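Worksheet: one structure, shown below.
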Amino acid sequence: MARIAQAEAFLVDLVPKVKRTDAIQSFKSQETIFVTLTDADGGQGRGYSYTIGDGGPSVLALLRHTLLPALMGREAEMIEAIWRDLLFTSHATAVGPIMSLALAAIDTALWDLRGKRAGLPLHVLAGGAKTRVPMYSTEGGWLHLEPAALVEDALAMRAAGFHGSKIKIGKPTVAGDAARLEAVRAALGRDYEIMTDANQSMTQPEAARRLSLLESLNIAWFEEPLPADDIAGHARLARQSRVPVAVGESLYSPGQFADYIAAQACGIVQADVARVGGITPWLKVAHMAEAHNLTICPHFLMELHVSLVCAVPNAPWLEYIPQLDEIAAPMARVGGFALAPTAPGLGIDWDEAALASRMAEGSRFEVRSA
């Protein structure tokens, strides 16, 4: 083992190449917060997390002033102890997104370092359940798109070998959502999976009004129909619905997932490795879901999630939203299947020159062991 001797953090802002809208917000940019850790033997690991346009400097400030100084001198292999100790270093700011996003950047860097020291790719290091996973695409299903554009994209994705598409819903009327979903189902047939995502935009009665529509179209899941803190509403809806209710991208701790599962308020778990605080808690959520015979279908970050969904047996899908292609080599895939990276660690091949050129001015800083 070797102790952490140095940490570097910085922010890279990535603007989406296509307009991304849902029922409550727009994806303005991916503020990507990077942490690079160096141990006393010279080994390095890099991790990252993200926002969708706001809050990145707050995450960096927590890293600079609190978390990274507390990390110096710690044994890098003691990941579980480090994660918990850092959480309690600033426990008054948890549970919440700023703390979880900061922890995730550190935790993923530690797992990257562990994999490189062991000579093992993350999907093997974390479990080794499979080497590839089918993908569904979200990139052509945004809420502002008209039905014809949704159909065009879904047909193109199926031709490329994809197995499903996610369509954003949450129009002011049921008829508005119906027009979008019915057009895609009519064009793609019954054997192509269609997922839906309401992005927390509905009341429980409005979500219930859409259940017969979703059931008639054999929709794969109904994602975030209600605000994320409305566990009771999700539980009522889940009892009414034959379509699985999916939640998780807006939950920030394993305990919040435990509450949902205990309340039987979801059928599909969607933990986001950045928002839940890193690989260490993500694996806890995945195994918790498996113990309750539930699947985990994570949100976004496909380049990192591909290794995690291949690490566990209960992860049937990877969400396709390309975002790192300007700063890293493309994720490996064959048709509609994503392939787990085989390089040690996270297996993401970063373009160092591109990272340097896109680094937000004044965002980079270093912390060294005394």
Side-chain angles (χ1 to χ4, degrees), residues 9-35 47-64 96-105 108 136-146 149-150 153 165-172 180 195-202 223-224 227-229 247-252 270-277 298-305 319-328 330-331 348 350-351 354-364:
F10 58 90
L11 186 148
V12 171
D13 208 3
L14 301 173
V15 178
K17 293 182 178 180
V18 301
K19 182 179 178 181
R20 296 173 179 167
T21 62
D22 59 43
I24 65 169
Q25 63 201 348
S26 295
F27 191 136
K28 294 184 292 185
S29 68
Q30 180 179 309
E31 291 179 313
T32 313
I33 301 100
F34 286 93
V35 167
Y48 67 106
S49 64
Y50 75 102
T51 80
I52 64 169
D54 297 293
S58 297
V59 179
L60 278 177
L62 184 57
L63 288 167
R64 179 195 294 265
I98 300 301
M99 172 60 89
S100 292
L101 293 170
L103 282 172
T108 51
Y136 71 90
S137 176
T138 296
E139 194 71 325
W142 304 104
L143 193 64
H144 66 279
L145 296 172
E146 295 297 324
L150 301 176
D153 181 80
S165 293
K166 182 188 288 181
I167 307 300
K168 299 288 185 175
I169 60 175
K171 290 290 188 181
R180 297 162 60 76
M195 297 77 171
T196 60
D197 187 356
N199 291 99
Q200 306 182 71
S201 64
M202 299 179 184
E223 183 174 332
E224 284 200 316
D229 58 0
V247 300
E249 72 175 75
S250 302
L251 303 182
Y252 297 97
Q270 294 188 303
D272 179 313
V273 65
R275 294 180 177 181
V276 80
H299 164 256
F300 196 47
L301 290 186
M302 65 180 189
E303 297 88 354
L304 180 49
H305 280 133
E319 182 173 28
Y320 179 80
I321 305 179
Q323 188 66 9
L324 296 184
D325 53 341
E326 294 180 350
I327 57 172
M331 182 183 70
I348 299 175
W350 300 107
D351 183 333
L355 285 174
S357 68
R358 292 177 173 274
M359 191 180 301
E361 184 176 357
S363 70
R364 182 185 175 277

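For clarity, every value in this text was computed on a predicted model and none was experimentally measured. Throughout, numbering of the chain's residues begins at 1 and tracks the sequence.
The shortest heavy-atom contact between A9 and L60 is CB-CD2, 4.1 Å. Across every non-hydrogen atom of L301 and Y48, the tightest pair is CD2-CE1, 3.9 Å. What you find for S201 and G170 is that their closest heavy atoms are OG-CA, 4.0 Å.
Here F10 pairs with F34 under the ring-ring contact (aromatic ring centres under 6.0 Å, His included) rule; sequence neighbours left out. By the side-chain hydrogen bond (donor to acceptor under 3.5 Å, both in side chains) test, S26 is found to be paired with no residue, residues two or more places apart in sequence or in another chain being considered. Every residue meeting the side chain to side chain contact (heavy atoms under 4.5 Å, CB included) condition with D229, not counting sequence neighbours, appears here in chain and number order: P227. Considering only residues two or more places apart in sequence or on other chains, A356 meets the side chain to side chain contact (heavy atoms under 4.5 Å, CB included) condition with none of them. Taking S29 as the reference, D13 meet the side-chain hydrogen bond (donor to acceptor under 3.5 Å, both in side chains) condition, with sequence neighbours excluded. Residues meeting the salt bridge (charged side-chain N to carboxylate O under 4.0 Å, His left out) test with R358, sequence neighbours left out: E326. The side chain to side chain contact (heavy atoms under 4.5 Å, CB included) check on K28 picks up D54, with sequence neighbours excluded. When the salt bridge (charged side-chain N to carboxylate O under 4.0 Å, His left out) test is applied to R180, no partner is found at least two apart in sequence or on another chain. Take E303 and apply the salt bridge (charged side-chain N to carboxylate O under 4.0 Å, His left out) test, not counting sequence neighbours, and it matches no residue. Listed by chain and number, the residues in a side chain to side chain contact (heavy atoms under 4.5 Å, CB included) with L62 are T66, L67, S90, I98, M99, A102 (sequence neighbours excluded). With sequence neighbours excluded, no residue forms a side-chain hydrogen bond (donor to acceptor under 3.5 Å, both in side chains) with S137. Contacts of E224 classified as salt bridge (charged side-chain N to carboxylate O under 4.0 Å, His left out), with partners at least two apart in sequence or in another chain: none.
Side-chain atoms of P322 and M331, non-hydrogen and from C-beta on, never get closer than 4.5 Å to each other. Within the 4.5 Å cutoff, the side chain of D197 has no heavy atoms near those of the Q270 side chain. Using a 4.5 Å heavy-atom threshold, the side chains of E139 and V18 count as touching. Side-chain contact between I52 and F300 is absent, with no heavy atoms from C-beta onward closer than 4.5 Å. When side chains are defined from C-beta on, W350 counts as touching L324, because their heavy atoms get closer than 4.5 Å. Residues F27 and I321 form no side-chain contact, since every pair of their non-hydrogen atoms from C-beta on lies 4.5 Å or further apart. In this structure, the side chains of K17 and D325 come closer than 4.5 Å at one or more pairs of heavy atoms.
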* Carefully, step by step, assess I33 and T51 under the rule side-chain contact (heavy atoms from CB on, under 4.5 Å). => CA-CA 8 Å; I33 301 100; T51 80; 4.2 Å; yes

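Not one N or O on the side chain of R275 forms a donor-acceptor pair closer than 3.5 Å with the backbone of S250. Q30 places no side-chain N or O within 3.5 Å of a backbone atom of Y50 that could act as its donor or acceptor partner. Of the possible polar contacts, none joining the S49 side chain to the A274 backbone as a donor-acceptor pair under 3.5 Å is found.
For the atom pair CG of N199 and CD of Q25, the computed distance is 6.0 Å after rounding to the nearest 0.5 Å. Note: T138 OG1 to H299 NE2 = 8.0 Å, rounded to the nearest 0.5 Å. Summarising the geometry, atom CG belonging to D22 is positioned 10.0 Å from atom CD belonging to E223; distances are rounded to the nearest 0.5 Å. D153 contributes atom CG, which lies 7.5 Å from atom CD1 of I167 (distance to the nearest 0.5 angstrom). Here T196 contributes atom OG1 and I169 contributes atom CD1; the two are 4.0 Å apart, rounded to the nearest 0.5 Å. A distance of 3.5 Å separates NZ in K166 from CD in E319, rounded to the nearest 0.5 Å.
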